[in-house]
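Read the structure below first, then the notes.
Keep in mind that this is a model prediction, so the values were computed, not measured.
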Amino acid sequence: MASPGQPCTDLLVWNQTQQEPVAHHLLSLCFLRTAGNWAPPMYLWVLGPIYLFYICRHGRCYLRMSYLFKVKMVLGFALILLHTFNVAMPLWRIHQGMPQAPELLIHPTVWLTTMSFATFLIHMERKKGVRASGVLFGYWLLGCLLPAINVAHQASAGNFHHEPLHHLATYLCLFLVVAEFMLSCLVDQPPFFSEDSQPLNPCPETEASFPSKAMFWWASGLLWKGYRKLLGPKDLWSLGRENSSEELVSQLEREWRRNCGVLPGHSKLFKSKGLSDAAAPETEAFLQPARSPRGPLLRAIWRVFRSTFLLGTVSLVISDAFRFAVPKLLSLFLEFMGDRNSPAWTGWLLAVLMFLSACLQTLFEQQYMYRIKVLQMRLRTAITGLVYRKLLGPSALTAIAVFLSLLPLNFFITKKRSYHQEEQMRQKASRALLTSSILRTVRTIKSHGWEQAFLERLLHIRGQELGALKISTLLFSVSLMSFQVSTFLVALVVFAVHTLVAEDNAMDAEKAFVTLTVLSILNKAQAFLPFSVHCIVQARVSFDRLAAFLCLEEVDPNGTDSSSSRCSSKDRISVHNGTFAWSQESPPCLHGINLTVPQGCLLAVVGPVGAGKSSLLSALLGELLKVEGSVSIEGSVAYVPQEAWVQNTSVVENVRFRQELDLPWLQKVLEACALESDVASFPAGVHTPIGEQGMNLSGGQKQRLSLARAVYRKAAVYLLDDPLAALDAHVSQHVFKQVIGPSGLLQGTTRILVTHTLHVLPQADQILVLVNGAIAEMGSYQDLLNRNGALVGLLDGARQHAGGGEGTHAEATSDDLGGFLGSERPKSRPERLRPIESAAMKDSTTSEAQTEPSLDDPKGTGLTTEEDSVQYGRVKTTTYLSYLKAVGTPLCTYTLFLFFCQQVASFCQGYWLSLWADDPVVDGRQKHTALRGWVFGLLGCLQAVGLFASMAAVFLGGVRASALLFRSLLWDVARCPIGFFECTPVGRLMNRFSKETDTLDVDIPDKLRMLLTYAFGLLEVGLAVSMATPLAMVAILPLMLLYAGFQSLYVATSCQLRRLESATYSSVCSHMAETFQGSPVVRAFQAQGPFTAQHDALMDENQRVSFPRLVADRWLAANLELLGNGLVFVATLCAVLSKAHLSAGLVGFSVSAALQVTQTLQWVVRSWTDLENSMVAVERVQDYTHIPKEAPWRLPTCAARPLWPTRGQIEFRDFGLRHRPELPLAVRGVSLKIHAGEKVGIVGRTGAGKSSLAWGLLRLQEAAEGDIWIDGVPITHVGLHTLRSRITIIPQDPVLFPGSLRMNLDLLQEHTDEDIWAALETVQLKAFVVSLPGQLQYECVGQGDDLSVGQKQLLCLARALLRKTQILILDEATASVDPGTEMQMQEALEHWFAQCTVLLIAHRLRSVMDCARVLVMDEGQVAESGSPAQLLAQKGLFYRLAQESGLA
């Protein structure tokens, strides 16, 4: 060994012909001294300039000159002075004539320049705002460790008296470097002036030192807080700007536009109708990835996130370098164990180097995982935001041969699995669509008793989905097994070739276990390859679907000119030669439109069903594709859709719709829209939440709220799509007079009113009649009457239906036309009936069951706005037991046995190899080589077979459990009463049926498989280490306690974060679904910006939970792996201490097993934690198990006969009903008999109890007192499905379901095609259906979105005709259709239900004038009963209602 004053002259380390062990040269003190002198400077000169360039480009505000900075600079200058002294000393000696070795001058010079550069970096970091430096931390760490070897050598040489100054300088230099290293572990003070405003609860990462960042210790505070108490929103860190939706989505959208060639001015518009022709291409695009333009999307993602990805990739490469350094160090260590003459310090040094390499591999790998997970989080945010904006806008060689020989098998498996995964995703999409439709139309389904039919249909789709999943998971098991076999075969072939071909063919410990260690690393990489293939398949399908959606046809934003250049000074709206279509593939729905609407004009648009009235408004809004012509609108626009859309927020937020609050104007608007009395009765007034889809409001209240939103806007142009149809006659008159009419709040504005309410036509300035998508005529009311054209035909149809005489058109239409005719209405009106002052001035369009809870029950109202239920603490044992019960006890036992068998084979395989390595060598060969090889191969095959069988058992058990739990969830939800659905947002239920179900399908079986694999592997490792080095058990037990502590801290917090993440994600889903439904309104009001901001806020709230969760994952992984590395260190140290008593083979077996425990222990805890997190899904799908259920669908001993009811006689016996147990009776003391075949009308104001009678008859609400009898049978003695299948109801809102027309008309498949065609002909839809592609097999889009409301209502009527029941309920069934269509419906009903009992609930009194008897409801009681003539003669409540409707 060279002395301090001598250069290294031992160059044997570079001599490849030397036969001595490599460890003798690589671990020579001379080589280590050289490495210590050159490694730190090389490190800093390689990374330093890159780092300096980076901080100069991305620097922030400078830091204050803190004490920490001053001490660093003082120590830096002291080191510069010391190295200047070290340079000066050789120069002085040379000057004195004493020869010096070159290294004595070169090394100090290099260190002097390096220290100067390091000090300069310290200064630049302060200038650029760097508070903790990773580059300098690494430099000072290397400067401590490697030169320490030189210092130790100098101290042991004993020549201090010869070179006192040199020794003192070396020791002082090392001391100063250690001091700099300790200071680099601290974090500097924040800058004077920050560019960004400080959030309330900033992420502690910015305040963390570099070791804390590397080890994720900065997250320990949150984990400890989550362990001690329940976490709330205030405990979570604020989201940094770099992770916010606004920043990420804007970057991705900019790159997406650039790649797709989309101009920045293009709006992201999405069609809400007309999907019939576009649906097939869209679906085809979703399901045929080869045709999808995912290239631009991937390029945009790459340009935005490439820096994060590349930095993570660099971390992974460095991690892998250290990962493969460990086997080399193990090789040197086994050489040391086999050489009895090696000095002990070599073993100690190798143990330390193995420990450090493993730790560095852990740190770099966790940094890679952290950056990739952050990238995943940012990518999800950006893509979700982009989709939302689219809604609103617009022997190595031998080993290689073995690997290659198995690749065709895996390619085949991957291809087959890809097909089944795509099939599963198809079925999953179909299931989600049908589930959403069921949940949104559950009232209609329950009213008809169709739950069982829809459950069977949904379970059929679910069965196909699980069938594809089962095949996919089996193929996945085969894939995993194939890679396990490939790794084993590589080892077997390498050993066989070595023993048969190599000259030195003895199998020693170094060759055997170093090979196994390297192959173990490859095995881990290969084990992830099937997962990677699985993820790539899913990502490809997802990217294709996203790209297909983002590239869907967009409406031209210039289709409607909003400037005034195209309009004359007096015209607000102008259309010239307009032809419009819903898509490029569909035929035009409007053609030859020429229209001008002057300022202040009220234009009424009328026409038969399907004439294109709503399409005209859509064309003016720019929702339709403009084929030719021009459209111009001057001024702001407000739009009221035909189907009211409201938000899940308060009344006032719905009305002001993101505008400034003007209380006097708000009061005027509410009064004019007849909402004042409603709001006064709400629990919290205007601040009352109205629930998802307005479920706490009646249909009329929602429509008036929708109208109030438009009025509040103070727009220049109003497009009103039949807002009066859902209102009572008197409310309709009030709203028209106070809002729409010549003296209403909108006077002076331009109004286009689509209407079927013909009595308003005389008040319109102009009337436009549409027929078959073209303008039939246009002019004033009197002009069109004189022409005797299309309008006269509509009026004649209404007059004939009303039974009028020979009078004029103005007199002949009862309350349709007489409401505003002075000669036909009373001269004065009682003041007590003023709509704003009377609490009774409300509509009665839907059930009071929907209305009254929202008026009388603040708790009930609040339920709809609460966050999703979040449970706290650890997952309960009963949850695990319920899942295992769903898997099945025999399958669970069989799975554990299979895992045990395959792990026993694995242990025997390793132990057998250690015995093979320890076989004595005779004449260069070992005995029993063939036997050793055959047994080794047999054990490997047994392990592979056991692995496949055990994994397949886990996956099949998971599929079985998922099927049972999904069926249980579906049954629990389907059996809930209607009140449950009124208080539970659809988004919350959909989260259970989508995200949580996906967790049951995929995540839980996969996490369970990983847990069992690593847990049994841990037992093998513990047995191996304790066998070889029993002393290691002393260290293993404390390590296990630390593991348990880390796991407890992590799980308590992680489970809470998982639940919070799921709850906040439900809010994101609900908001997106709500926006999708109301996107035309949002675009019409130009409110895309506020809605996008709200979506970003909800997404950021979700990310506030996701980010701590991924950090907690990294915290656990980093700290557990470091503890595992400690176990490796303990195993190697024990081996060094017991060197004289251990064979190299047993040591190799022990240390190679200990190397595996590093990740095995970590994965045991991670798998257990992930499994517990995923088990939250089981918890959530069982949330509704204990919800009170409705009565049985079928009774084993039903009181009704098979053909019951044969006559249809209904008797109410002191019947009373309340909507909730805590509310007063909504209906009370009703006693009456409805005779068989009698037609009875039911009228009354809102809250009177009209619809409650119907819901009580169908038992949607159970009787609180009394009973109802049908044909002498109490309905409580009949199963719900039996009862509801014998009664037909036609609701106001027509409902269709995804599927064919035939399925919608004959859901239970009880009728022939001839019967269906006959029903269609009766409702005059046969010609329309014949014109559709596929006719009866035509697939309805969504809930019949491609059909008009009138067409859907006629289809619902045809469906009712096919049921042929003795009792028929019409609940405002004709409110949304024109008089001509209403006459068609009445004629069909009179023909088909002539002998049936009919209950007609109506708010238009004209509809009940031909009834044999009329019931007038008031405050839940029957106030009057008799024929219309008798009631008019009594001049009671019915007479007053008739006066309000112009009928008396």
Exercise. Do Glu1121 side-chain atoms and Thr362 backbone N/O form a donor-acceptor pair below 3.5 Å?
Worked result: no
Under 3.5 Å, which donor-acceptor pairs do the side chains of residues 877-886 form with other protein atoms, sequence neighbours left out?
residue: Ser882; atom: OG; partner: Thr878; partner atom: O; Å: 3.3
residue: Ser882; atom: OG; partner: Thr879; partner atom: O; Å: 2.6
residue: Ser882; atom: OG; partner: Gln1182; partner atom: NE2; Å: 3.3

Exercise. Can you list the steps and then say if Asp235 with Lys229 is a side chain to side chain contact (heavy atoms under 4.5 Å, CB included)?
Worked result: CA-CA 10 Å; Asp235 299 316; Lys229 71 181 191 73; 2.8 Å; yes
For this session: Output yes when a side-chain donor or acceptor of Thr313 lies under 3.5 Å from a complementary backbone atom of Phe309, and no otherwise.
Result: yes
Problem set entry | Parallel, tilted or perpendicular: rings of Phe657 and Trp645 (30°, 60°) | perpendicular
For this session: State, yes or no, whether a side-chain contact exists between Ser1106 and Gln1103 at a heavy-atom distance under 4.5 Å.
Result: yes
For this session: Determine, step by step, whether Ser220 and Trp224 satisfy the side chain to side chain contact (heavy atoms under 4.5 Å, CB included) criterion, reporting the C-alpha distance in whole Å, the side-chain angles of both residues, the deciding distance to 0.1 Å, and the verdict.
Result: CA-CA 6 Å; Ser220 301; Trp224 181 247; 5.9 Å; no
Exercise. When rounded to the nearest 0.5 angstrom, what distance separates CG in Leu969 from CG in Leu965?
Worked result: 9.0 Å
For this session: For Lys373, look at atom NZ and say whether over 12 heavy atoms of other residues, nucleotides or ligands are found less than 6.0 Å away.
Result: no
For this session: Only counting residues at least two apart or in another chain, list the ones meeting salt bridge (charged side-chain N to carboxylate O under 4.0 Å, His left out) with Asp1001.
Result: Arg462
Exercise. Say you draw a straight line from CG of Leu1122 to CG of Leu1042; how long is it, rounded to the nearest 0.5 Å?
Worked result: 12.0 Å
For this session: Give, for atom CH2 of Trp1115 and atom CG of Leu1049, the distance between the pair rounded to the nearest 0.5 Å.
Result: 5.0 Å
Problem set entry | Side chain Thr441, main chain Ser437, donor-acceptor under 3.5 Å | yes
Exercise. Is Asp1113 close to Tyr370 at the side-chain level, that is, under 4.5 Å between some pair of heavy atoms?
Worked result: no
Exercise. Just checking, any donor-acceptor pair under 3.5 angstrom between side chains of Arg380 and Asn1102?
Worked result: yes
Exercise. With a 4.5 Å limit on heavy-atom distance, are the side chains of Phe993 and Leu970 in contact?
Worked result: yes
Exercise. Going by an N to O cut-off under 4.0 Å, is there a salt bridge joining Arg992 and Asp1183?
Worked result: yes
Problem set entry | Tyr1065 OH: over 12 foreign heavy atoms closer than 6.0 Å | no
Exercise. Would you call the rings of Trp218 and Phe216 parallel, tilted or perpendicular if under 30° counts as parallel and over 60° as perpendicular?
Worked result: tilted
Seminar exercise, completed: Smallest heavy-atom separation, Tyr1050 atom then Ala1112 atom, equals CE1-O, 3.3 Å
For this session: Might you point out which heavy atoms bring Phe364 and Ser319 nearest each other, and give the distance in Å?
Result: CB-CB, 3.7 Å
For this session: Please name the pair of heavy atoms, one in Phe955 and one in Pro1005, separated by the smallest distance, quoted to 0.1 Å.
Result: CD2-CB, 4.0 Å
For this session: Could you tell me whether Tyr227 atom OH has more than 12 heavy atoms of other residues or ligands within 6.0 Å of it?
Result: no
Problem set entry | Ser1079 (side chain) donor-acceptor with Phe1076 (main chain) under 3.5 angstrom | yes
For this session: Kindly compute the distance separating CG (Leu1060) from OG1 (Thr1064), expressed to the nearest 0.5 Å.
Result: 7.0 Å
Problem set entry | Val374 and Arg378, any side-chain heavy atoms less than 4.5 Å apart | yes
For this session: Might you confirm whether atom CZ of Arg967 has over 12 heavy atoms from other residues, nucleotides or ligands at distances under 6.0 Å?
Result: no
Exercise. With a 4.5 Å heavy-atom cut-off, do Asp1096 and Arg389 have their side chains touching?
Worked result: yes
For this session: For the residue pair Leu230 and Gln1056, establish whether any side-chain heavy-atom pair is separated by less than 4.5 Å.
Result: yes
Exercise. Closest heavy-atom contact between Val1111 and Ala219?
Worked result: CG1-CB, 3.4 Å
Exercise. Any side-chain heavy-atom pair from Arg1109 and Val1105 closer than 4.5 angstrom?
Worked result: no
Exercise. In terms of heavy-atom contacts, does CD of Glu246 have more than 12 from other residues, nucleotides or ligands at under 6.0 Å?
Worked result: no
Exercise. Any sub-3.5 Å donor-acceptor pair from Ser1174's side-chain atoms to Leu1171's backbone N or O?
Worked result: no
Exercise. Roughly how far, to the nearest 0.5 Å, is the NZ atom of Lys876 from the CE atom of Met1175?
Worked result: 15.5 Å
Problem set entry | Heavy-atom side-chain contact between Ile1187 and Asp972 under 4.5 Å | no
Exercise. If you draw the axis of the six-membered ring of Phe1091, does the NZ or CZ of Arg658 fall within 45° of it and under 6.0 Å from the ring centre?
Worked result: yes
For this session: Could you give me the CA-CA distance, side-chain angles and deciding distance for Thr435 and Leu989, then say whether side chain to side chain contact (heavy atoms under 4.5 Å, CB included) is met?
Result: CA-CA 9 Å; Thr435 304; Leu989 291 172; over 6 Å; no
Exercise. In terms of side-chain heavy atoms, does Gln367 have a donor or acceptor partner in Ser315 at a distance below 3.5 Å?
Worked result: no
For this session: State, without any angle test, whether Tyr388 and Thr1075 hold a side-chain donor-acceptor pair at a distance under 3.5 Å.
Result: yes
Seminar exercise, completed: In short, Ser212 meets Ala208 closest at the heavy-atom pair OG-CB, 3.7 Å
For this session: Return yes if some donor-acceptor pair links the side-chain N/O of Arg431 with the main-chain N/O of Gln427 below 3.5 Å, else return no.
Result: no
Problem set entry | Between Gln251 and Glu247, a side-chain donor and acceptor under 3.5 Å | yes
Exercise. Got a donor-acceptor contact below 3.5 angstrom from the Asn201 side chain to the Leu236 backbone?
Worked result: yes
For this session: Please check if the side chain of Asp1006 supplies one atom and the backbone of Asp1003 the other of a donor-acceptor pair under 3.5 Å.
Result: no
Problem set entry | Test item: Glu1172 side-chain N/O and Val1051 main-chain N/O as donor-acceptor pair under 3.5 Å | no
Seminar exercise, completed: Heavy atoms of Val887 and Arg960 approach each other most closely as O-NH1, 2.8 Å
For this session: Please step through side chain to side chain contact (heavy atoms under 4.5 Å, CB included) for the pair Thr381 and Asn243, ending with a clear verdict.
Result: CA-CA 8 Å; Thr381 301; Asn243 294 325; over 6 Å; no
Problem set entry | Backbone N/O of Ser245 and side chain of Asp1100: donor-acceptor pair under 3.5 Å | yes
For this session: Could you grab the distance from atom NE2 of His1095 to atom CE of Met1072, nearest 0.5 Å is fine?
Result: 3.5 Å
